[in-house]
Amino acid sequence: MRIAGETFGIRGITLLAIAGAAGIVMGIHGWSGRHHGTGPGLGPAAAGPAAPASAHATASAHAPAPSAKPSTQGPLAHASPGASRSPASAAPAPTPGPKLSTQSYASFSYRIWPAPVSTAAKAAATGLAITVRRHGAGIMVTAGVAGQPPPPARLYPTGAAVYVVEAAMGDDSGNTDYNLGDDGLVVTDAQGRILQ
Amino acid sequence: MSRDTSAPVSADDGEADRGGLADRAAGLAAGWAPAIARVLLGLTLAWFGYHELMTPQLWTGYVPGVAATSDLAVVLVLVHGWLLLVLAVAIIAGTGLRLAAAAAALLLLQIVITLAVTGGLTDLTLRDVGVLGLALCLTGNTRQRVMLNR
């Protein structure tokens, strides 16, 4: 068979048909799981590439080489006081949950508070607007998508550490994050337990 | 007439040997480089196609002009992923190679333009420019090693 000047043999057509069918099966799988893996914290606000960040915790460092792809269960599926869910600062004190180090996304978590902030953490925060400041006996954390209205801040006790979760750095470029579905924020107490 | 192997090797002989080695290396590269380029481009496309099909929600941010949270964006990512996967198989197998490489080049051109418009000339954009060049090279290649011609 000739298509656009190219000759396709029976084996070639069979191979392409198998690939196409496999692609359809994978696509059905992807469609059925399309609501999984987007971070409940930052995902809903991700309406396109994030604009350049303005918060001081966000940097425009170049992203390193792409790391491992996130699993379909996004890192925020279990934890994280994410941006769009952040309650007001008057909310009850957060309760400690499991240790961050025991979570599957621990290796994708980059500390941004307290200092020092690594280059990788700055890169991971690309596209996010995160503000952490001291407030009385604790810290006040605001996390959202750069270029969008900031959500209410939330108060955490002294000793809390703030981490940015970025499963794949390969979707960050310059100060733009093309995929906020694998981004998020985790706050832990002094013992490293995730504050819910 | 046989060569006297006990005679010392002259500088000319050494250069001839080096020239022969370089020629053999060039011949090897000419024979295999297009096939290797084809397989590597195909693997790249297959990797992206696989992930776009399996986790389309993580790729919707790249769809231009459509809200990343919409179902339409997911559908477009799935179609894109399916195309990438089929093109990858065609390119790796070498079936309909020029057509598949041309289609891949068009897809990559669209990606490069979109990235350049939305984010400027960034590391991502330039990386895809390189892949686009590889796809364009393959549009002119017809006879290579390890191809499924029938």
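Reminder, nothing fancy here: chain letters follow the sequence lines and each chain counts from 1. A quick note: this is a predicted structure, and the numbers were derived from the prediction, not measured.
- Minimum heavy-atom separation, Leu15(A) to Ala93(B): CD2-CB, 3.4 Å.
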Practice problem: Decide side-chain contact (heavy atoms from CB on, under 4.5 Å) for Arg34(A) and Asp71(B); before the verdict, give the C-alpha distance in whole Å, the side-chain angles of both, and the deciding distance to 0.1 Å. | Solution: CA-CA 9 Å; Arg34(A) 67 189 182 280; Asp71(B) 280 350; 3.3 Å; yes

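- Cluster annotation: Ile113(B) is connected to Trp59(B) through the hydrophobic network of ILVMFWY side chains, with a link wherever side-chain heavy atoms come within less than 4.5 Å.
- A pairwise comparison of heavy atoms in Val74(B) and Trp31(A) identifies CG1-CE3, 3.7 Å as the closest pair.
- Both the backbone and the side chain of Ile24(A) come within contact range of chain B, each with at least one heavy atom under 4.5 Å from a heavy atom of that chain.
- The shortest heavy-atom contact between Val89(B) and Ala19(A) is CG2-CB, 3.5 Å.
- To the nearest 0.5 angstrom, Met26(A) atom CE is 10.5 Å from His51(B) atom NE2.
- In the hydrophobic cluster analysis, where Ile, Leu, Val, Met, Phe, Trp and Tyr join through side-chain heavy atoms closer than 4.5 angstrom, Val86(B) is grouped together with Trp47(B).
- Distance CG/Leu16(A) to CG/Leu87(B): 9.0 Å, rounded to 0.5 Å.
- Placement of Leu85(B) and Val25(A) in two distinct hydrophobic clusters is found when ILVMFWY residues are connected by side-chain heavy-atom separations under 4.5 Å, directly or transitively.
- Leu40(B) is connected to Trp32(B) through a chain of hydrophobic side-chain contacts under 4.5 Å among Ile, Leu, Val, Met, Phe, Trp and Tyr, so both are in one cluster.
- Side-chain contact between Thr95(B) and Arg11(A) is absent, with no heavy-atom pair separated by less than 4.5 Å.
- Both Leu108(B) and Val117(B) sit in one connected hydrophobic cluster of ILVMFWY residues. Membership requires side-chain heavy atoms under 4.5 Å apart, directly or through other members.
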